[in-house]
Each structure stands twice: as structure tokens, then as C-alpha cells.
There are 2 protein chains.
Amino acid sequence: MKRAFVEEIHQLHAELCQALADPKRILMLYALADGPTPVGELADQLGIRQSNASQHLAVLRDRGLVTAERSGTTMFYRLRYPAVLQALDLLRGVLKERLQEAGGQAECLMEIAR
Amino acid sequence: MKRAFVEEIHQLHAELCQALADPKRILMLYALADGPTPVGELADQLGIRQSNASQHLAVLRDRGLVTAERSGTTMFYRLRYPAVLQALDLLRGVLKERLQEAGGQAECLMEIAR
DNA sequence: CGCGTATATTCGTGGGTATGAATATAATTC
DNA sequence: GAATTATATTCATACCCACGAATATACGCG
């Protein structure tokens with residue numbers, strides 16, 4: 001059982017986390033929970049340029065987290081693994097705990113931001 | 001409820017994910033599951049330099065994921081939120097699914113790598 | 001206080017990342 | 001096939017990250 005393979009797994013694991021390491025991409029994934037969504041709509045929701053939305057979606061596609069389906073001229077992106085949102089929720093919970101322990105009263109915000 | 005606050009939450013969320021976006025740090029977190037561990041031991045386990053281990057631990061400390069406690073001259077690092085490992089496990093499961101769907105026969109590796 | 005051990009920090013460098021602007025591709029309609 | 005719409009890609013730029021080497025700090029001991 002080659003050491004290189006094990007390292008490769010951890011590399012892929014890290015790259016998966018890396019895909020989540022951007023506020024825009026996090027918002028995109030949560031937005032996709034409502035079902036397949038066109039690129040333009042995602043861009044509008046996030047208030048970013050179309051090209052930027054495409055770039056972020058390319059990252060998510062590359063990591064295998066979303067799939068794209070064409071319908072006419074518009075591209076619908078679909079969330080592939082809902083478990084990703086569970087993972088994000090878990091980390092959000094950690095963040096909430098951390099902020100509470102830090103003494104800030106930001107807990108209320110946590111309920112809303114999503 | 002200011003928009004800036006909500007954006008700040010997502011920024012922090014992303015920074016949390018960013019902390020996980022490195023193979024060495026993932027290994028460190030899993031290693032810390034066994035209880036508080038000195039820096040040198042972590043460095044040895046991962047086969048990295050002491051300074052590099054300290055740097056990675058500084059990132060985890062900065063994101064609030066670990067705490068450091070001094071005992072004499074050695075520093076014991078402790079995992080602060082076990083839920084982080086749950087999140088990592090969820091993502092590992094996603095990775096496993098993805099590799100299986102991709103047709104590779106790397107599933108067996110997934111059982112071991114940790 | 002000087003020495004050794006354990007850890008932290010700084011610094012330089014190479015490589016990666018996010019973004020807007022511009023351009024390219026793809027499908028639909030006329 | 002030209003015009004239109006929706007999306008993708010390329011490019012340049014500014015910023016961030018991982019690493020080793022060197023240096024600094026902190027503690028314990030004599």
C-alpha cells in the first residue's frame with residue numbers, strides 16, 4: 001500500500017476543502033440546494049460578474065462538487081453531493097461556538113446568514 | 001441587519017474551510033484526535049520540519065481550531081472542536097463517492113488513509 | 001547567568017488564487 | 001449566415017500561501 005497513494009488521498013481531501021474556502025463558492029453551494037440554477041441567476045444572487053461566477057463554478061466542477069447541464073443556451077448547475085452542505089453546516093456550527101466563546105454576541109447573526 | 005455583517009460571517013466560514021485546505025493540517029487535526037500532542041511529535045508523525053509544523057499550527061490556532069498549553073518547555077496542542085473531524089469525515093465520504101463514480105477502484109485506499 | 005531543548009517568528013522565494021476586462025464559444029432565432 | 005443571448009476562457013494584476021533556512025523566544029537546569 002504505497003505511501004504516495006495515501007498522500008494523494010489527503011491531497012484530494014485538501015483540494016475538496018479548498019473548493020469551500022471562498023465566500024462566493026459557499027454561497028453558490030447553498031444556493032444550489034434549491035435545485036439546478038443557471039449561471040446568470042447565481043451571479044445575480046451573489047452580486048458578482050458573470051465571468052467570475054463561471055470561474056467559481058469551474059472550480060466546483062473541477063472538484064466534482066457540481067455538474068452542469070445545458071438547456072438551450074443556458075447552463076443549469078446542480079449540486080452533486082448534499083453531504084457537502086452538511087459539512088458546511090457543521091463548520092458553521094463550529095464557527096458559532098467559537099464566536100460565542102470569544103464573548104461576542106454575534107450568535108443571532110448566525111441564524112440568519114445563509 | 002447590515003449586509004456587511006452577513007458577508008463577514010461568510011468570510012469567517014470560508015477562512016475556517018481554508019484552514020482545512022492543506023494535507024498537513026488535515027493530518028494534524030486527525031492526529032490531535034488522540035489527545036493533546038507536542039509540536040515535535042506532530043512534526044515527526046507528518047515528516048515535516050519543526051518550523052513548518054509550528055506554522056501550520058499557527059494557522060489552526062488563528063482560526064480557533066486548536067489551543068496550545070505549555071507544560072515546561074513543550075507545547076501541547078489540543079483539538080478544540082471534534083465536530084471539525086466530523087466535517088472532514090463527511091467530505092472524505094464525498095471524495096470516496098466521487099472516486100467511485102469516476103470508475104476508479106480507489107475505494108479500498110479510502111478505508112485506510114487516515 | 002550560561003547552556004540545551006522545545007517552540008515561535010521572520011524572511012525570501014516559488015507557486016497558487018481571485019478578480020475584472022476582453023475575447024471566444026455555443027445555441028437560438030430570424 | 002448574421003444577430004442575440006448565455007456562458008466559458010484567456011489574460012494581466014494584485015494578493016495570498018507553503019516551505020526551508022535562519023533567527024528569536026521561552027523554559028528548565030546546573
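Note on naming: letters A, B, ... go to the chains in the order of the sequence lines (proteins, then strands), and numbering restarts at 1 for each one. Predicted model only: the values in this text are computed from it and were never measured.
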Measure [atom1]/[X] against [atom2]/[N] and give the value in whole Å, please.
| X | N | atom1 | atom2 | answer |
| --- | --- | --- | --- | --- |
| M75(A) | dT25(C) | CE | P | 15 Å |
| L46(B) | dC19(D) | CG | C1' | 14 Å |
| Q11(A) | dC17(D) | CD | P | 17 Å |
| L42(B) | dT7(C) | CG | P | 9 Å |
| E15(A) | dC17(D) | CD | P | 17 Å |
| L57(B) | dC17(D) | CG | P | 17 Å |
| M28(A) | dT7(D) | CE | P | 11 Å |
| R61(A) | dT9(D) | CZ | C1' | 10 Å |

Mind checking what makes side chain to side chain donor-acceptor pair (under 3.5 Å) contact with [X], not counting sequence neighbours?
| X | value |
| --- | --- |
| Q18(B) | none |
| R70(B) | none |
| Q11(A) | E15(A) |

Requested in this report: Report yes if a side-chain nitrogen or oxygen of S54(A) is closer than 4.0 Å to either non-bridging phosphate oxygen (OP1 or OP2) of dA8(D); otherwise report no.
Outcome: yes
**Report entry** Sequence-aligned protein contact record of nucleotides 24-30 of chain D, with B where the base is within under 4.0 Å of a protein heavy atom and S where only the sugar-phosphate is
**Finding:** --SSS--
Query raised in the report: Going 5' to 3' along nucleotides 15-22 of chain C, which nucleotides have protein heavy atoms under 4.0 Å from the base (write B), which only from the sugar-phosphate (write S), and which from neither (write -)?
Result: --SSBBBB
Query raised in the report: Is R80(B) reaching over with its side chain to a backbone N or O of L65(B), donor-acceptor style, under 3.5 angstrom?
Result: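 Judged by distance alone, no pair lies under 3.5 Å.
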Query raised in the report: Which part of the nucleic acid, if any, lies within reach of Y77(B) when heavy atoms closer than 4.0 Å are counted: base, sugar-phosphate only, or nothing?
Result: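 Sugar-phosphate: the residue Y77(B), judged by heavy atoms under 4.0 Å, touches backbone atoms but no base.
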Query - For the student: nearest non-hydrogen atoms of L95(B) and I9(A), plus distance - result: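 Closest heavy-atom pair between L95(B) and I9(A): CD2-O, 3.9 Å.
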Query raised in the report: Looking at CG of L46(A) and CE of M28(A), how far apart are the two atoms once the value is rounded to the nearest 0.5 Å?
Result: 5.5 Å
Query raised in the report: When rounded to the nearest 0.5 angstrom, what is the spacing between OG1 in T67(B) and CE in M75(B)?
Result: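 Reported to 0.5 Å precision, the distance equals 10.0 Å.
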Query raised in the report: What pairs meet the salt bridge (charged side-chain N to carboxylate O under 4.0 Å, His left out) rule with one or both residues in residues 49-64 of chain B, with sequence neighbours excluded?
Result: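 Non-adjacent pairs meeting salt bridge (charged side-chain N to carboxylate O under 4.0 Å, His left out): zero.
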Report task. Check the pair E41(A) / Y77(A) against side chain to side chain donor-acceptor pair (under 3.5 Å), numbers first and verdict last. Result -> CA-CA 11 Å; E41(A) 195 169 319; Y77(A) 276 82; over 6 Å; no
